[in-house]
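Take a look at the structure below.
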Amino acid sequence: MSAPLRPRPAGPSGPAASWDSAVPGARATSRLLTVGVIGAGRVGAVLGAALAAAGHRVVAVSGSSGASRARLALLLPEVPRRPVAAVAHAADLLLIAVPDDRLAGVVTDLAQRGALRPGQIVAHTSGAHGLAVLGPAVAAGARPLALHPAMTFTGTPDDLARLDGISYGVTAPAELRPLAARLVADLGGVPEWVAESDRPLYHAALAHGANHLVTLVNEATDRLRDAGVSRPEKVLAPLLRAALENALRLGDDALTGPVSRGDAGTVQRHLARLAATAPESVPAYLALARRTADRAIAAGRLQPVDAQSLLGVLADSGREVAA
C-alpha cells in the first residue's frame, strides 16, 4: 500500500515559523515557503510531495513527459504544470531536480531569461554538483543550495515512507546553513555537510555503493539462472541481506568466501566457468576479486604468503582477458 501524504509534526511555532526572516522579499501570503519544482522525475516529484506534506506551498512544477504526468497525478495532483520560467517566477524556493549533465544548462537559461530574483533560494538535488553550478543564479542575486537525498527513488508515493531519517548531502554558504538544516528537518532528514571540493567523491561513493550494487545483484541473479536455479532471488535474498548488514556493522571483518581465504583453485574454477558461460562477467569478477584481496590483506584477514597463488591466478586471468 502506498504511504499516505501526512503533514509532519511541527514545533510549537509551526512547521515554517522562521521562513519569513530567512527569505527576504518572500511573496508568500502565509509564513510558509512557496515552492516550485523544475523536473518531475523520480526525485523532484517525491521531494515536492514531501515538502507539501511538511506544510509548504508547492505552487508550480515543470514536466511534460508521460511518465512525469503520471508521477504528478500520484504525488502532486493539485499542483499546476508550468513552463520552467513560470515555475521559477512563482517560487521563493526553486528546487531543480534534473539530471546532472542538464543542470548547468537549466540554471544558465533561467538566469539569462530573467526568471530568477534576489533573495530567492535556488536549490538543486544533484549529488555530483555543489554550488559552482549555481553561479549564474548567484549572479542574479539568488542564494544557492545543494541538497542531495542519499536514497534511491521509484517516483511513487511509497518513497515518502523511506525519507524519514535519511541523510542529505548538503553544501551551502555559511549564512544559509540554518535554513538548509531547517529544510532538511522539514523533509524528515539529517544534513550531512559536504565541502564543495568533495561533492564528486561523495557522489562517487554513493553511486559505487548503490548503483553498482544493483548491477552486482543482477549479475549474480543471471549466473544462478545459468546454473539452473529457478528462483535466484529466493536464494540470494537472505545471503545478501546478511552480507550487507555485516558489512555495515563489521567493515572488512565481514569478508568471507574464497578470496578472503586465499583459495586460488576455487577462484580459478570460477573464472574458467564464467569465461565459458558468461564471458562478459569476467572483467567485473576479476576487478572485484582483486580489490577484495587487497582489502582482505590490509585488514589482516588474508596473509600475504597465502595470497600469492590467488594473486597469480587473478593476474594470469587478467592478461588473458586483455589479450
Side-chain angles (χ1 to χ4, degrees), residues 1-7 33-113 115-116 121-129 133-134 137 146-164 166 168 187-189 203 206-207 210-215 217-218 221-222 233:
M1 180 179 293
S2 297
L5 294 177
R6 298 186 303 272
L33 281 174
T34 58
V35 180
V37 181
I38 292 179
R42 297 180 181 186
V43 176
V46 170
L47 292 188
L51 288 168
H56 296 290
R57 297 173 56 239
V58 182
V59 294
V61 63
S62 74
S64 57
S65 71
S68 293
R69 290 195 298 272
R71 275 188 288 269
L72 293 175
L74 281 173
L75 291 160
L76 294 166
E78 298 180 3
V79 177
R81 287 187 297 114
R82 297 284 186 264
V84 291
V87 174
H89 279 301
D92 297 319
L93 168 64
L94 180 62
L95 189 67
I96 305 177
V98 298
D100 295 342
D101 289 350
R102 286 185 52 207
L103 181 57
V106 170
V107 175
T108 299
D109 181 65
L110 288 170
Q112 291 176 344
R113 295 166 67 179
L116 306 175
I121 303 164
V122 177
H124 71 71
T125 62
S126 168
H129 289 288
V133 73
L134 297 174
L147 187 75
H148 176 256
M151 177 50 63
T152 183
F153 290 83
T154 62
T156 68
D158 292 333
D159 289 336
L160 294 168
R162 300 187 183 105
L163 295 181
D164 283 332
I166 72 167
Y168 286 76
L187 289 166
H203 194 238
L206 295 184
N211 305 149
H212 296 170
L213 176 63
V214 173
T215 301
V217 170
N218 287 328
T221 299
D222 289 344
E233 68 283 355

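The distance from atom CZ of F153 to atom CG of L160, rounded to the nearest 0.5 Å, is 9.0 Å. Rounding to the nearest 0.5 angstrom, the gap separating the NE2 atom in H124 from the CG atom in L134 is 4.5 Å. Here L93 contributes atom CG and R57 contributes atom CZ; the two are 13.0 Å apart, rounded to the nearest 0.5 Å. For the atom pair CZ (R42) and OG1 (T156), the distance works out to 9.0 Å, reported to the nearest 0.5 Å.
Closest non-hydrogen pair, V43 versus P149, comes out as CG1-CG, 4.1 Å. Nearest approach of G39 to V98, heavy atoms of both residues: CA-CG1, 4.4 Å. Contact detail for L75 and A49: the closest heavy-atom pair is O-CB, 3.7 Å. Nearest heavy-atom pair across L76 and A52 is CD2-CB, 4.4 Å. Taking both residues in full, the closest heavy atoms of V87 and A60 are given as CG1-O, 3.8 Å, listed atom of the first, atom of the second, then distance. Shown here for A150 and I166, the closest heavy-atom pair between the two residues is N-CD1, 4.3 Å.
Here salt bridge (charged side-chain N to carboxylate O under 4.0 Å, His left out) pairs that include residues 96-105, with residues two or more places apart or in two chains, number zero.
With sequence neighbours excluded, the residues satisfying side chain to side chain donor-acceptor pair (under 3.5 Å) with D109 are R113. Residues passing the side chain to side chain donor-acceptor pair (under 3.5 Å) test with S64: none are found, sequence neighbours excluded. Partners of N218 by side chain to side chain donor-acceptor pair (under 3.5 Å), not counting sequence neighbours: none found. R162 meets the salt bridge (charged side-chain N to carboxylate O under 4.0 Å, His left out) test with D159; sequence neighbours excluded. Residues passing the ring pair (Phe, Tyr, Trp, His ring centres under 6.0 Å) test with H203 are H148, sequence neighbours excluded.
Residues I38 and L110 meet the side-chain proximity criterion, which asks for heavy atoms closer than 4.5 Å. Proximity of L33 to L51: side-chain heavy atoms (C-beta onward) are nowhere separated by under 4.5 Å. Residues L163 and V46 form a side-chain contact, since some pair of their non-hydrogen atoms from C-beta on lies under 4.5 Å apart. Contact check for I121 versus D92: no side-chain heavy atoms found under the 4.5 Å cut-off. Annotation: side chain of T125 is in contact with side chain of L47 (closest heavy-atom distance under 4.5 Å).
Without hydrogens or angle criteria, R81 side chain to R69 main chain gives no donor-acceptor distance under 3.5 Å.
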